[in-house]
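Here the structure is laid out as structure tokens; the discussion comes afterwards.
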Amino acid sequence: MNTHSPGVALMRRPGPGLAQGIVTHIERVEVDPVLAARQYTIYQEVLSSAGWRVFEVDPAPEHPDSVFVEDSVVVCGDLAVLTRSGAPERRGEVDGVEAAVRRLGLRVARIEAPGVMDGGDVLQVGATVYVGLGGRTDEAGAAQLERLLKPLGREVRRVPLGAVLHLKSAVTALGDGTLIGLEELVDASALPPVRRPAEEPGAHVLPLGGRDVLISAAAHGTVHELAGQGWRVLPVDISEFEKLEACVTCLSVLVPDL
């Protein structure tokens with residue numbers, strides 16, 4: 001266990017309506033809410049084992065997808081950018097997240113209508129911020145984010161998406177900035193080289209600082225490959241959330257201590 005906490009991990013407990021979450025690009029299958037609650041708790045415990053202090057956003061039981069807190073806010077430095085989802089039924093999730101980031105002392109800005117953006121479309125790699133343009137995020141949303149982040153020294157680059165929910169449903173980044181994912185699901189010309197994982201769940205990694213990296217327990221081959229390259233791989237079973245097109249990045253927002 002890390003002796004020094006790298007920061008706070010925002011999370012939001014799944015509600016009783018989780019199984020009614022939106023499904024766009026995959027077939028709907030039955031979700032076990034009891035198992036999902038157990039997997040959520042274990043995910044929290046893994047973050048804590050890596051030193052992160054879990055801070056729970058107030059539940060939003062009226063919003064089935066609210067457990068996917070990543071989509072409601074993008075945190076860059078001391079700025080929290082509240083999003084405006086391309087899925088209108090998810091926009092009410094932002095209120096509780098705003099209260100949480102204000103309690104953490106972050107500055108707050110927001111994506112305004114008519115622009116739309118989901119946090120799952122925003123991949124931060126050092127000073128570069130890749131923004132996926134697809135069903136949940138449009139050019140107007142990306143342009144607003146660009147204006148908000150420019151004073152923080154960030155460069156926003158657009159990445160048109162194919163048949164995939166979010167950018168981070170296809171491509172994520174390891175702690176050293178190496179991209180990993182399924183480049184055929186995005187306009188790969190907008191990205192640096194993308195390493196292909198051994199299986200689809202391996203496209204989703206969440207760097208936790210240093211050599212620690214969170215990954216789905218379903219990505220057996222990728223877990224083995226990354227461990228062999230010196231990463232401290234922390235696998236978590238998120239099978240019930242994966243049934244709703246989610247991945248390991250969706251369930252938390254990491255807010256590093258400044």
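Only heavy atoms go into these numbers, but all of them, side chains included; no hydrogens, no water, no symmetry mates.
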Exercise. Between R84 and M117, is any pair of side-chain heavy atoms under 4.5 Å apart?
Worked result: no

Problem set entry | D118 versus T83, side-chain donor and acceptor atoms under 3.5 Å | no

Exercise. Shared ILVMFWY cluster between V129 and V253, side chains joined below 4.5 angstrom?
Worked result: no

Exercise. With a 4.5 Å heavy-atom cut-off, do V116 and R91 have their side chains touching?
Worked result: yes

Exercise. When rounded to the nearest 0.5 angstrom, what distance separates CG in L10 from CH2 in W52?
Worked result: 10.5 Å

Seminar exercise, completed: Closest heavy-atom pair, Q229 versus R211, reported as atoms and distance to 0.1 Å, is O-NH2, 3.0 Å

Exercise. Any side-chain heavy atom of V248 sitting closer than 4.5 Å to one from I238?
Worked result: yes

For this session: Would you indicate whether the side-chain heavy atoms of V67 and L251 approach each other to under 4.5 Å?
Result: yes

Problem set entry | Least distance between heavy atoms, L254 atom then A9 atom | CD2-CB, 3.7 Å

Seminar exercise, completed: For R13 and Y40, the nearest pair of non-hydrogen atoms, with its separation, is N-OH, 3.2 Å

Exercise. Yes or no on salt bridge (charged side-chain N to carboxylate O under 4.0 Å, His left out) for R232 and D212, after CA distance, side-chain angles and deciding distance?
Worked result: CA-CA 5 Å; R232 179 175 178 254; D212 290 354; 3.1 Å; yes

Exercise. Quick one: CG on L208 to CG on L234, what's the gap to the nearest 0.5 Å?
Worked result: 6.0 Å

I'd like a table of donor-acceptor pairs (distance under 3.5 Å, sequence neighbours excluded) in which one partner is a side-chain atom from residues 99-115, with atom names and distances.
| residue | atom | partner | partner atom | Å |
| --- | --- | --- | --- | --- |
| R102 | NE | E98 | OE2 | 3.0 |
| R102 | NH2 | E98 | OE2 | 3.0 |
| R107 | NE | D78 | OD1 | 3.3 |
| R107 | NE | D78 | OD2 | 3.2 |
| R107 | NH2 | D78 | OD1 | 3.1 |
| R110 | NH2 | E98 | OE1 | 2.9 |
| R110 | NH2 | E98 | OE2 | 3.2 |

For this session: Could you tell me whether the side chain of V131 reaches within less than 4.5 Å of the side chain of L167, counting heavy atoms only?
Result: no

Exercise. With sequence neighbours excluded, what pairs up with E45 under the side chain to side chain donor-acceptor pair (under 3.5 Å) test?
Worked result: none

Problem set entry | Exam field: side chain H204 to backbone T249, donor-acceptor pair closer than 3.5 Å | no

For this session: Please lay out, stage by stage, how V233 and V205 fare under the test side chain to side chain contact (heavy atoms under 4.5 Å, CB included).
Result: CA-CA 10 Å; V233 185; V205 299; over 6 Å; no

Exercise. Does the side chain of S66 come under 3.5 Å of the side chain of R12 through a donor N or O and an acceptor N or O?
Worked result: no

Problem set entry | In one Ile/Leu/Val/Met/Phe/Trp/Tyr side-chain cluster, 4.5 Å: L79, V74 | yes

Problem set entry | Point-to-point distance, once rounded to the nearest 0.5 Å, from CD of E200 to OG of S169 | 8.5 Å

Problem set entry | Shared hydrophobic cluster, V69 / V75 (ILVMFWY, side-chain heavy atoms < 4.5 Å) | yes

Problem set entry | From NE2 (H166) to CG (L185), nearest 0.5 Å | 14.0 Å

Problem set entry | Spacing of CG belonging to L149 relative to CD belonging to E155, to within rounding of 0.5 Å | 11.5 Å

Exercise. Is a side-chain donor-acceptor pair under 3.5 Å present for E242 with S216?
Worked result: yes

Exercise. Does the side chain of V81 reach to within under 4.5 Å of the side chain of V73, using non-hydrogen atoms?
Worked result: no

For this session: Can you measure from NE2 (H63) to CD (E93) and round to the nearest 0.5 angstrom?
Result: 6.0 Å

Problem set entry | Salt-bridge contact D71-R90 (side-chain N to carboxylate O under 4.0 Å) | yes

For this session: Would you confirm whether K168, through its side chain, and V122, through its main-chain N or O, come within 3.5 Å as a donor-acceptor pair?
Result: yes

For this session: Provide the closest heavy-atom pair for V186 versus A170 in the form atom of the first, atom of the second, distance.
Result: CG1-CB, 3.8 Å

Problem set entry | Derivation of the side chain to side chain contact (heavy atoms under 4.5 Å, CB included) call for L35 and R38 | CA-CA 5 Å; L35 179 55; R38 187 179 310 136; 3.6 Å; yes

For this session: Give the minimum heavy-atom separation between P201 and A218, together with the two atoms involved.
Result: CG-CB, 4.0 Å

Exercise. Are I42 and L244 grouped together when hydrophobic residues (ILVMFWY) are joined by side-chain heavy atoms under 4.5 angstrom apart?
Worked result: yes

Exercise. Going through the distances and angles, do L226 and I215 end up as a side chain to side chain contact (heavy atoms under 4.5 Å, CB included)?
Worked result: CA-CA 10 Å; L226 293 177; I215 190 170; 4.2 Å; yes

Exercise. So, do M11 and Y43 sit near enough that their side-chain heavy atoms are less than 4.5 Å apart?
Worked result: yes

Exercise. Can you name the closest pair of heavy atoms from T172 and A203 and give their distance?
Worked result: OG1-O, 2.6 Å

For this session: Go through the side-chain N and O atoms of E70 and S252 and say whether any donor and acceptor fall under 3.5 Å apart.
Result: no

Exercise. Is there side-chain contact between P197 and L182, with heavy atoms separated by less than 4.5 Å?
Worked result: yes

Exercise. Hey, is E225 close enough to R195 for a salt bridge, meaning N to O under 4.0 Å?
Worked result: yes

Problem set entry | Donor-acceptor under 3.5 Å (T128 side chain, Q124 main chain) | no

For this session: Using the rule that two of Ile, Leu, Val, Met, Phe, Trp, Tyr join whenever any of their side-chain heavy atoms come within less than 4.5 Å, decide whether L161 and V125 are in one cluster.
Result: yes

